[in-house]
Each structure stands twice: as C-alpha cells, then as structure tokens.
J.: 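If you scroll down you'll find the structure; I have some questions about it.
To find a chain, count down the sequence lines: A is the first, B the second, and so on, and within it residues start at 1.
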Protein chains: 2
Amino acid sequence: MVFHTIPTETALLKTIQKGIIRLCLGLIEIERGLAMESKFAKLDNYDQKILALLQQDARMSHAEIGRQIHLSQPSVSERIKRLESTNVIRGYHADINPDAFGYQMTAMIRLSTQQGRPYADFVSQQAEIIDCYTVTGEDGAVMRVLATDVAHLQRLIDKLNRFGSTSTAIVLTTHVSGKAVSMPQA
Amino acid sequence: MVFHTIPTETALLKTIQKGIIRLCLGLIEIERGLAMESKFAKLDNYDQKILALLQQDARMSHAEIGRQIHLSQPSVSERIKRLESTNVIRGYHADINPDAFGYQMTAMIRLSTQQGRPYADFVSQQAEIIDCYTVTGEDGAVMRVLATDVAHLQRLIDKLNRFGSTSTAIVLTTHVSGKAVSMPQA
DNA sequence: TCTGAAAATCTAGTCTG
DNA sequence: CAGACTAGATTTTCAGA
C-alpha cells in the first residue's frame, strides 16, 4: 500500500473548508430562526390557500382542495402533512352552537387577582369558561364565559370572586368570533 | 236521514273539548320554546358524546365515533346529519397556529366608542382582529387581536382610535382558548 | 346490521426547473 | 434535488337495503 501524503492533506483541507461553510450557514439559519418571524418556515402561496380553505371547512378532502388551488392531491396531502407535523395546523375542531346546550348568554369577565392565587385550575375545570387569558395591566385575567341565564352567570361570578374582584360585561353582539388567521395586512 | 240532536251536541262538545286541550298543549309548547332552553331539541347522552368527540377532532370518521361511544356507524351518521341541519354543529374549522404567520403577540383591546360610529365593517375587514364583541358597560366593544410586534400593534390601535378611545392589554398567557362547549355544570 | 358503490388517501415511478 | 404530476393500488367512508 502506498501513502500519498499531499493529496490527503488537500482532501483534509477541503473537508475542513466544507465543514466551516456548513457551520456558518447553520449559524445564519439559527440566527434567522431567533431573530426573524419565529421558528416557522415561510408559508408560500399554496400553503396560505390551503390553510384558508381548511379554516373554512376542516373536512374538505385533499383532492377538493387541490382542485380549488390547482395542485394535485398528493401535493396537497404532502403539504398538509408537513403543516400538521410542524404544528402550523394544531387541530381540527367542530364549531358547536352554545344555544344547543341552553347557553343563552355570553359574558366577558375581567378578574383582578391577587398575586399567587391559583385560578388556573379552576378555570380549566369550569365548563362555562371558554377562553381565559392572563394580561398586562390592572385586570390580571380576561375570560369569556357562557351562561344559561342571569342566575347562572351570577353563580359563576360568585365563584370567581374567591380569587379576586371581578368586572363583568355581557355580550350584546358578536361581530366576529374566531376569524380565520391569515397574513398580516399592511 | 234522522237527526240526533243530543248526540250531535255531545260530539260537538267533545270536539270543542279536544280542541281546547290541544290549544292549551300548544300554548304550553310555545311557552316552553320561548322560556326554556331555546329552540333546540334536547341533546341526549349520545349527542353530547358525539359533539365532544367532534370538537376534539373534527376529522374523526363516523365509524370511529361509533366505536368509541358504542353505536353503529349509520346511527352516528344520522345523528350528525341532524345536528348539522339543526345548526347545532355550525361547521368544522382547522385551528391554525398564529406564530406561523409571524404573529408573536396577542392583545385584548377595549374600545369605548361614541354612538353611531360604524366600526363593524372595519373590524370584519381587518385580518388581525380575530374576535370582536359589543358588550354592556363603558367599553362598547372588546376584541382580540393578533400582531407581529409592538409596532404593528401600535398601528392597529391607531386605526381603532378613529372610532373612539381604546384601552389595550397584552396577553401574557393563554390558559384556555376555545374550550369545547359542553353541558353547564351544577 | 351488513354490504357495495363512491371517495379519499397512499405509493410508486417519472419529470421538470 | 426538491417538489409536482399521473396512474394504480388500497383503504375508508357513508348510505341504502
């Protein structure tokens, strides 16, 4: 066996060079990921259209989506699979009319809570509390609740008052609820 | 032909009686419809389970639902069809991660609006406004908005200030969002 | 409850920018 | 070379008997 030292060195250098380039590209990627618009890959036009359609009707078939956006069914399926696995699509949910359960009113309740009171458990267990956010400012939490009638709402408020003082506004009109998420406007 | 006045009168009375009873029952029905839990037929246990499953996963097949609640696929299909046609199920929607569109923050904006300013159109056209409710009290409207960054949020608020004065709270934590609707608790 | 027609999804293998 | 397409195989879905 013969050793060719010179060629080996060149090869080694080349390998190192390649490695450095790859490393730099990687760092740029990471920096982008941290500084830019989140960890998500950019959504192209097709992705956006797919997401728009699935937000409108989650049960639409991949073939039908393909027909509407001029893409083949396998392409659509592949994209949807990617969107699901990267958590862009978080799930598919039926939208149920609260009236069907006898809920005749909706209210927004703001809860000004003392530090350290654990209302989170209560909130997740109470069927009537549909949304709950912790926010900046005076009101520690804002929630949207369903109630069958005024008495029911009163009972809910009483329960919440254990955690702090509340302020309730009854919903008169719902202009939009759960509008489809789409690209930010200018 | 022979006239039996007495029997005819009795028959007439009977008919009137029946009519009155029917009328009363009808009125009771109507009263119930107005006073009780809305115009919706009562949901039995199976319906409730079906709704729970479809809220969890809108793409679940009827057969799979049947398997989980011990009901045949045709029964499930029939029930779902009924729930859809009576508007108990209003639709099926994909739940999209706002981060994927670059939205890095959510805010609750309260808008105290002067009477008669038509913000409804603006609200429905602005992609960033996801929910918007008219409520009782000082704040005429409460909305949930998405923003890519603080500057973006500022631009939104500026636009909204055309309609009245606003008060903004930035969402720090989302405890629950769009919890499945289910029967009211005791 | 069972069964068959229709549809939806998956799997290749191929092609193009 | 990633991503799109066609076509065929396979599985699912749903509705009527």
J.: Under 4.0 Å: is that the gap between some side-chain N or O of B:His62 and OP1 or OP2 of D:dC14?
T.: yes
J.: Rounding to a whole Å, what distance do you find between B:Tyr92:OH and D:dT13:P?
T.: 14 Å
J.: Starting at CZ of B:Arg162, measure out to OG1 of B:Thr113 and round the result to the nearest 0.5 Å.
T.: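 If we round to the nearest 0.5 Å, B:Arg162:CZ and B:Thr113:OG1 are 12.0 Å apart.
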J.: Which nucleotide sits closest to the side chain of A:Leu71: D:dC14, C:dT11, D:dA4?
T.: D:dA4
J.: Between C1' on D:dG3 and CG on A:Asp47, what's the gap in Å once rounded to a whole number?
T.: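 Those two atoms, CG and C1', are 12 Å apart.
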J.: Assess the residue pair A:Asp131 and B:Lys179 against the criterion (salt bridge (Lys or Arg N to Asp or Glu O under 4.0 Å)); give the C-alpha distance rounded to whole Å, side-chain angles, the decisive distance to 0.1 Å, and a yes or no.
T.: CA-CA 7 Å; A:Asp131 302 317; B:Lys179 186 192 286 176; over 6 Å; no
J.: Identify whether any heavy atom of B:Arg59 sits under 4.0 Å from a base atom; if not, whether one sits that close to sugar-phosphate; answer base, sugar-phosphate or nothing.
T.: sugar-phosphate
J.: Nearest to the side chain of B:Ser61, heavy atoms from C-beta on, is which of D:dT6, C:dT9, D:dT13?
T.: D:dT13
J.: So, OP1 or OP2 of D:dA4: does either fall under 4.0 Å of a side-chain N or O from A:Arg79?
T.: yes
J.: Given atom CE of B:Met60 and atom C1' of D:dC14, what is their separation to the nearest angstrom?
T.: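 That distance rounds to 17 Å.
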J.: Yes or no on side chain to side chain contact (heavy atoms under 4.5 Å, CB included) for A:Val123 and A:Met143, after CA distance, side-chain angles and deciding distance?
T.: CA-CA 9 Å; A:Val123 155; A:Met143 43 194 100; 4.2 Å; yes
J.: Would B:Glu64 and B:Arg67 pass as an ion pair if we require N to O under 4.0 Å?
T.: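 Yes, charged N to carboxylate O under 4.0 Å.
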J.: May I ask you to evaluate whether A:Ser72 reaches the phosphate of D:dA4, defined as a side-chain N or O under 4.0 Å from OP1 or OP2?
T.: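 No.
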J.: Hey, which sits more toward the 5' end of DNA chain D by its nearest nucleotide, B:Arg67 or A:His70?
T.: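 Per heavy-atom nearest nucleotide, the more 5' residue is A:His70.
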J.: Through what angle, rounded to 10 degrees, does the axis of the helix from C:dT1-D:dA17 to C:dG17-D:dC1 turn between its ends, using five pairs per end?
T.: 20°
J.: In whole Å, what is the span from the CD atom of B:Gln73 to the C1' atom of D:dT11?
T.: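 That distance rounds to 15 Å.
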J.: Please report the distance, rounded to the nearest Å, between CD in B:Glu64 and C1' in D:dT13.
T.: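 Rounding to the nearest Å, CD of B:Glu64 and C1' of D:dT13 are 13 Å apart.
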J.: A:Asp149 versus A:Gln104: any side-chain heavy-atom pair under 4.5 Å?
T.: no
J.: Taking only the side-chain nitrogens and oxygens of A:Ser75, find out if one of them lies under 4.0 Å from OP1 or OP2 of D:dC5.
T.: yes
J.: Does a side-chain N-to-carboxylate-O contact under 4.0 Å join B:Arg79 and B:Asp44?
T.: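 B:Asp44 and B:Arg79: salt-bridged.
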J.: Just how far, in rounded Å, is C1' of D:dA4 from CD of A:Glu78?
T.: 9 Å
J.: Would you call the rings of A:Phe163 and A:Phe122 parallel, tilted or perpendicular, where under 30° means parallel and over 60° means perpendicular?
T.: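 A:Phe163 and A:Phe122: tilted rings.
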